[in-house]
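Here's the structure we're looking at; comments come further down.
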There are 2 protein chains.
Amino acid sequence: MNQKKILLKDIAKKLNVSTTTVSFVLNGKGKEKKISDEVIKKIEDYVESINFRPNLVAQSLRTGKTKILVFMVEDISNYFFAKIARIIEDIAYSKGYKILFCSNENNDDRSRDLINLFSKLQVDGFIIIPSAGIKKDIENLIKNNIPVVLCDRHFPQLKTSYVVINNYEASKEATTHLINNGFKNIAFITTDVRQIQMLDRLKGYEKAIAEAGLKSTVLQIPFADTNSEKGRDMISCLFTENKELDAVFFSTNYLTQSGLEMIKETNPSLINTLGIITFDDNDLFRIYSPSISAVAQPLHQIGQELMNIMLNLLKDNNTNQLKQVTLKANLIIRNSSLRKN
Amino acid sequence: MNQKKILLKDIAKKLNVSTTTVSFVLNGKGKEKKISDEVIKKIEDYVESINFRPNLVAQSLRTGKTKILVFMVEDISNYFFAKIARIIEDIAYSKGYKILFCSNENNDDRSRDLINLFSKLQVDGFIIIPSAGIKKDIENLIKNNIPVVLCDRHFPQLKTSYVVINNYEASKEATTHLINNGFKNIAFITTDVRQIQMLDRLKGYEKAIAEAGLKSTVLQIPFADTNSEKGRDMISCLFTENKELDAVFFSTNYLTQSGLEMIKETNPSLINTLGIITFDDNDLFRIYSPSISAVAQPLHQIGQELMNIMLNLLKDNNTNQLKQVTLKANLIIRNSSLRKN
DNA sequence: CTGAAAGCGCTAACAC
DNA sequence: GTGTTAGCGCTTTCAG
């Protein structure tokens, strides 16, 4: 019942071979080390029969590898991150890796603590949605030859592998779509986070607006307030103070949620006249009434690319090779962004 | 830059003390072991100055403790599990534990693999949303004196600690609420999973229906089809074949999503006449039109109780003490379940 | 082809 | 009060 007492040594003793032999066989190096087929079979059968699995901690101490990967996100309970997590998880396990998820709240200190902690845990690699100020810490990991892949955003001046999407183009496309559908006063609601993905989305919007000769209206909500009453109030004010607004483009899914909530609470009829588009898709937007048009990030591809890069980094043990992937987001046109009558 | 080369031994050498002394101080046993304040300070200052953190793998091998907890859920990308994960994560880290999340897809083999894997990783404890057939495996963990807390469901014949909610009562209350609002033909849509939480929800519904002298209509969708086209078709059929239905009670959040999607696609006007209530709340239901009434599980309390129990188990190192908690779900009445005109 | 033995870095019993 | 040292369970070099 208590299998934890069985050691590799016990197996060796039981089968009258040395621990070395058992270890080789367990690690699939039997052939390579020219151990007789007979012995290999004997060991494999026995190991199988008692369902032996070596102690991973001891293995890690000896090899320096833990077969653990860290996936650090802003908030693991956010749909976008949770979905990617789920995809990464499957790939990782199929390759013999475990995944430690953690949430950094987009906060530098917390990110640093976590990186520090996991470094001492000797994790094999990091997949990180970085907060704004941890460039140095990422740099350090790479210097120490620990595989790192960034996601969703990156530091332009830092040579790292990353997987991002074409925020600028996608944002421009979405804005243009609104313009083409007859909207003339389009607001852009975003956070005050000065990270590249947000800035690119803003730029894409502004570019499209400028090209159409329209007036841009931007609301930046402090990151801390995005999910609070205060955030909703700010959105609400925007509409009361700018009666001419006929469409809005939200830069992230949680802002859209706040926005929809505000509309429902304070001005329900607005939902039928306002053009709406959001960055990041989710189930809610698909089945909402009206259905909400969205710039959908290719979650599956993102997860797959992240793990691809990570597994290559792990295999080649060459942290300096860079792979930088920019995926295309898909504009999913639903009812909320179509021309209103 | 490369801090990983510094060992506890190096610190001892540098400061002219023994490794024992350093180890004691690092583990906060300085006072207890009567090491002079002066030496303690010297060590602490130095350790601080070079930002030394001991190798956790070596520590784990030696102590048998990894300070890692596993949280195994059906699907980490599901809102319900992701939210609890986020709550647990915070508590765990504040107590010096890390959390490994994993998804078992409510599948026994996968659960077993995962349990096996993590046992060999020597994790300190398991918080598990168990699939139906892993009673034996859970039992084994407990026999091996590994702390286990179950969540969302449990095995009635198995003595384990767990945190669940009052499914039967909550379900009965929700059904009664529909009845009180004039609905006479209420369907119950659930999965074919024969686990206690689902059965209790079904029983609660049937009890309320029976007491009111109404007719029960139950649709059980195979678990594998719940998120697919097939599941939506089954729901759709239910309504075409039972024209008299005037309300529906979904037993989980993902079924509700499928249901809302079906309604939107095939019969949009239904949304305004049908009474709707769902088990499990989420943001979508709050801001949907009409807003969807929900039986909300107290996510925060669940997370907190889980960690409370786990931390106690860990502290007392007594796996046999049981703590079984049943929390109350809250019926949140919104527009979808109110009397229609 | 197989076995002995030296660690991986840390903890803690024991000795002084 | 502080230092010596024997492991925790495994991998892998080197000798035979």
Side-chain angles (χ1 to χ4, degrees), chain A residues 2-44 47 50 52-68 96 119-124, chain B residues 2-44 46-47 50 52-68 96 117 119-124:
Chain A
N2 195 324
Q3 305 159 354
K4 285 171 54 199
K5 288 286 158 59
I6 297 175
L7 306 182
L8 190 145
K9 192 168 57 177
D10 301 328
I11 296 178
K13 202 175 293 171
K14 174 92 181 185
L15 299 181
N16 280 316
V17 295
S18 80
T19 57
T20 316
T21 311
V22 179
S23 175
F24 282 155
V25 172
L26 279 175
N27 292 313
K29 297 186 182 166
K31 288 265 178 275
E32 183 186 325
K33 299 293 180 181
K34 305 201 182 165
I35 292 167
S36 69
D37 287 352
E38 178 191 9
V39 173
I40 291 182
K41 176 128 182 42
K42 182 170 71 174
I43 294 174
E44 281 177 347
V47 160
I50 62 169
F52 173 82
R53 288 282 234 45
N55 179 318
L56 295 176
V57 177
Q59 205 167 308
S60 295
L61 180 60
R62 185 56 234 241
T63 62
K65 300 289 169 206
T66 47
K67 291 282 187 174
I68 294 177
S119 298
K120 294 311 177 179
L121 216 205
Q122 313 264 71
V123 299
D124 292 357
Chain B
N2 195 322
Q3 305 159 357
K4 284 170 56 199
K5 286 287 157 61
I6 296 176
L7 306 182
L8 191 144
K9 195 168 56 177
D10 301 328
I11 295 178
K13 201 176 293 170
K14 174 91 179 183
L15 299 180
N16 280 315
V17 294
S18 80
T19 56
T20 316
T21 310
V22 179
S23 175
F24 281 154
V25 172
L26 279 175
N27 291 312
K29 295 184 184 166
K31 289 264 179 274
E32 184 186 325
K33 299 293 178 180
K34 305 201 184 166
I35 291 168
S36 69
D37 288 352
E38 180 192 7
V39 173
I40 292 181
K41 177 130 180 40
K42 180 170 72 177
I43 293 174
E44 280 176 346
Y46 185 63
V47 160
I50 62 169
F52 172 83
R53 289 282 234 46
N55 179 318
L56 295 176
V57 177
Q59 205 167 311
S60 295
L61 179 59
R62 187 57 235 237
T63 61
K65 301 290 170 203
T66 48
K67 291 284 187 171
I68 295 177
L117 172 65
S119 298
K120 294 311 177 179
L121 216 204
Q122 314 265 68
V123 299
D124 293 356

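Computation of the quantities below employed the complete heavy-atom set of this structure, encompassing side-chain atoms and omitting hydrogens, waters and symmetry-equivalent molecules. To find a chain, count down the sequence lines: A is the first, B the second, and so on, and within it residues start at 1.
- Of the candidates dC10(C), dT11(D), dT2(D), the closest approach to any side-chain atom of I35(B) belongs to dT2(D).
- Looking at the side chain of T20(B), the nearest of the listed nucleotides dG9(C), dC10(D), dA12(C) is dA12(C).
- Proximity of Q59(A) to the phosphate of dG9(D): no side-chain N or O atom is located under 4.0 Å from OP1 or OP2.
- With rounding to the nearest 0.5 angstrom, the CD1 atom of I68(A) is 5.0 Å from the CG atom of L121(B).
- Checking dT2(C), dG3(D), dT11(C) against the side-chain heavy atoms of S36(A) singles out dT2(C) as nearest.
- Counting any heavy atom pair closer than 4.0 Å across all strands shown, D10(A) reaches no nucleic acid atom.
- Using modelled atom types, one finds a donor on one side chain and an acceptor on the other under 3.5 Å when comparing T21(B) with S18(B).
- V57(A) comes within contact range of no nucleotide atom at all, as no heavy-atom separation falls under 4.0 Å.
- One interatomic measurement links the two molecules: CD1 of I40(A) to P of dC1(C), which rounds to 10 Å at whole-angstrom precision.
- Side-chain atoms of F52(A) lie closest to dC10(D) of the nucleotides dC10(D), dG9(C), dT2(D).
- Scanning atom types as modelled, no donor and acceptor separated by under 3.5 angstrom connect the side chain of R62(B) and the base of dG9(C).
- Using a 4.0 Å heavy-atom cutoff across all strands shown, K29(A) reaches sugar-phosphate atoms only and no base atom.
- The interatomic distance linking L8(B) (CG) with dC8(D) (P) rounds to 20 Å, in whole Å.
- Using a 4.0 Å heavy-atom cutoff across all strands shown, T19(A) reaches at least one base atom of the nucleic acid.
- Taking only side-chain atoms of S23(B), from C-beta outward, the nucleotide of dT2(C), dT11(C), dG9(C) with the closest atom is dT11(C).
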